[in-house]
Amino acid sequence: MLKTRISKPGDSLRIVATGGAATLLVSWGLGKLVQCDAVTRPSRRLYEYCRDHRSATVSRRLDQVVTTIGDYCVIGPFSALVGGMLAYERRRWTPLPLLASGVVSEVYLQKALKRLVNGTLPPIESSIGSPGDFPSGGAARTVITFGLLAHMLTQHWGSPAERRVIWSIVTVLVITQGGSRLYLGRHWPEDVLGGWVFGWLVLRTLTRVDELISAGAEPRGDR
């Protein structure tokens with residue numbers, strides 16, 4: 001006889017509340033820390049180096065393709081398409097609300113962080129595209145969305161090699177997209193770093209929720 005072990009909704013809510021609070025606290029502390037002179041001096045030198053050695057051809061490619069990976073116009077449709085495919089394959093709709101939660105969390109927690117940290121914008125004359133402050137939303141969205149997709153794709157795969165390939169692709173994608181924001185002058189280096197940390201914290205919270213739901217949905221044999 002099979003029994004289904006159902007996780008309590010309160011367990012998921014506690015994970016979300018704890019994860020959201022931890023994300024704000026850690027990201028706020030990091031945001032304040034990176035504004036000290038010991039960080040901003042080398043950060044500005046790196047920014048100026050990228051600006052001074054920028055290639056027009058590379059900048060155009062990054063602006064048209066790479067950095068847009070983290071934009072809502074790309075993240076939204078891609079998440080809906082792949083999330084729908086995963087939901088159909090798993091016969092559960094969990095992937096779609098999880099991906100939607102990632103976008104919602106990034107939007108509202110990022111707004112709160114920007115007010116708490118009050119970071120500075122790079123000079124608009126040095127930026128190819130609109131500059132942003134701490135944390136980089138594009139970097140965070142890339143970590144959250146593609147990290148969630150990688151987590152769900154590899155969750156039921158038994159091959160460590162396949163998992164390494166997927167996570168390697170996501171890692172390269174995250175680093176390239178975040179690096180493009182710096183290269184194009186849209187963010188200070190610490191903004192990109194903050195976006196990665198912020199995105200990872202949101203991602204970790206959502207993957208824990210998914211693991212809890214998946215564990216609750218697994219049938220167990222009754223002896």
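Throughout, numbering of the chain's residues begins at 1 and tracks the sequence. Not measured: the values here are computed from a predicted model.
With a 4.5 Å cut-off on side-chain heavy atoms, Phe146 and Ile169 do not count as touching. The closest side-chain heavy-atom distance from Pro135 to Asp191 is not below 4.5 Å. Proximity of Trp188 to Phe134: side-chain heavy atoms (C-beta onward) are nowhere separated by under 4.5 Å. A 4.5 Å side-chain heavy-atom check between Thr142 and Val170 finds every atom pair outside the cut-off. Here the side chains of Ser126 and Tyr47 are in contact, with some heavy-atom distance below 4.5 Å. Within the 4.5 Å cutoff, no side-chain heavy atoms of Ile75 are placed close to those of Ile144. Side-chain contact check for Leu149 versus Leu86: some heavy-atom pair is nearer than 4.5 Å. At a threshold of 4.5 Å between non-hydrogen side-chain atoms, the residues Arg204 and Thr23 do not count as touching.
Arg186 and Thr67 make their closest contact through NH1-CG2, 3.8 Å (heavy atoms, listed as atom of the first residue, atom of the second, distance). Smallest separation of non-hydrogen atoms from Leu121 and Pro131: CD2-O, 3.8 Å. Between Thr145 and Ser79, the closest heavy-atom pair is CG2-OG, 3.1 Å. The two residues Leu148 and Thr207 come nearest to each other via the heavy atoms CD2-CG2, 4.2 Å. Contact detail for Leu99 and Gly83: the closest heavy-atom pair is CD1-CA, 3.6 Å. Pairing each heavy atom of Gly194 with each of Leu30, the nearest pair is CA-CD2, 4.0 Å.
Environment of CH2 in Trp28: sparse, with no more than 12 heavy atoms of neighbouring residues, nucleotides or ligands closer than 6.0 Å. The environment of CD1 in Ile124 is sparse: at most 12 heavy-atom neighbours from other residues, nucleotides or ligands sit within 6.0 Å. Counting heavy-atom neighbours within 6.0 Å of Arg54 CZ, excluding the residue itself, gives a total above 12. Counted within 6.0 Å of OH on Tyr88, heavy atoms from surrounding residues, nucleotides or ligands total 12 or fewer; the atom is thus considered open. By the 6.0 Å contact criterion, NZ on Lys32 is enclosed, its count of non-hydrogen atoms from other residues, nucleotides or ligands being greater than 12.
Clustering ILVMFWY residues whenever any of their side-chain heavy atoms sit less than 4.5 angstrom apart, transitively, puts Leu109 in the very cluster that holds Val16. In terms of hydrophobic clustering, with Ile, Leu, Val, Met, Phe, Trp and Tyr side chains grouped at heavy-atom distances under 4.5 Å, Val197 and Leu24 are assigned to a common cluster. Hydrophobic cluster membership differs between Ile175 and Ile69, with clusters built from Ile, Leu, Val, Met, Phe, Trp and Tyr side chains linked at under 4.5 angstrom. Note: the hydrophobic cluster containing Leu96 does not contain Met85 (ILVMFWY, side chain heavy atoms under 4.5 Å, direct or indirect links). Linking Ile, Leu, Val, Met, Phe, Trp and Tyr residues whenever their side-chain heavy atoms come within less than 4.5 Å leaves Leu184 and Leu173 in two separate clusters.
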Worked verdict on Leu212 versus Ile15 for side-chain contact (heavy atoms from CB on, under 4.5 Å): CA-CA 9 Å; Leu212 179 66; Ile15 291 175; 3.9 Å; yes
Audit row: Tyr72, Val103, side-chain contact (heavy atoms from CB on, under 4.5 Å) steps and yes/no: CA-CA 9 Å; Tyr72 292 111; Val103 175; 4.2 Å; yes
Worked verdict on Arg44 versus Glu190 for salt bridge (charged side-chain N to carboxylate O under 4.0 Å, His left out): CA-CA 10 Å; Arg44 300 305 178 264; Glu190 63 268 23; 2.9 Å; yes
Derivation and outcome, side-chain contact (heavy atoms from CB on, under 4.5 Å), residues Arg163 and Leu153: CA-CA 9 Å; Arg163 294 181 181 183; Leu153 280 170; over 6 Å; no
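Of the possible polar contacts, none joining the Gln177 side chain to the Val66 backbone as a donor-acceptor pair under 3.5 Å is found. Side-chain atoms of His53 come within 3.5 Å of backbone N or O of Tyr49 as a donor-acceptor pair. Of the possible donor and acceptor atoms, none in the side chain of Gln110 sits under 3.5 Å from a partner among the backbone N and O of Ser105. For Arg141 (side chain) and Gly70 (main-chain N/O), a donor-acceptor pair under 3.5 Å exists by modelled atom type. Using modelled atom types, no side-chain atom of His187 and backbone atom of Val192 make a donor-acceptor pair closer than 3.5 Å. Of the possible donor and acceptor atoms, none in the side chain of Ser136 sits under 3.5 Å from a partner among the backbone N and O of Gly132. At least one donor-acceptor pair under 3.5 Å links the side chain of Thr68 to the backbone N or O of Val65.
At a threshold of 4.0 Å, the pair Arg51-Glu125 does not count as salt-bridged, since none of the basic side-chain nitrogens sits closer than that to a carboxylate oxygen.
Residue Asp11 holds its CG atom at 10.5 Å from CZ of Arg208, rounded to the nearest 0.5 Å. Interatomic distance, Ile213 CD1 to Ser12 OG, rounded to the nearest 0.5 Å: 4.5 Å. With values rounded to the nearest 0.5 angstrom, Ile128 atom CD1 is found 10.0 Å from Arg60 atom CZ.
Checked against His151 for a side chain to side chain contact (heavy atoms under 4.5 Å, CB included), the options Asp210, Leu98, Leu206 give a single hit: Asp210. The salt bridge (charged side-chain N to carboxylate O under 4.0 Å, His left out) with Arg181 is formed by just one residue from the set Asp63, Asp133, Asp71; it is Asp71.
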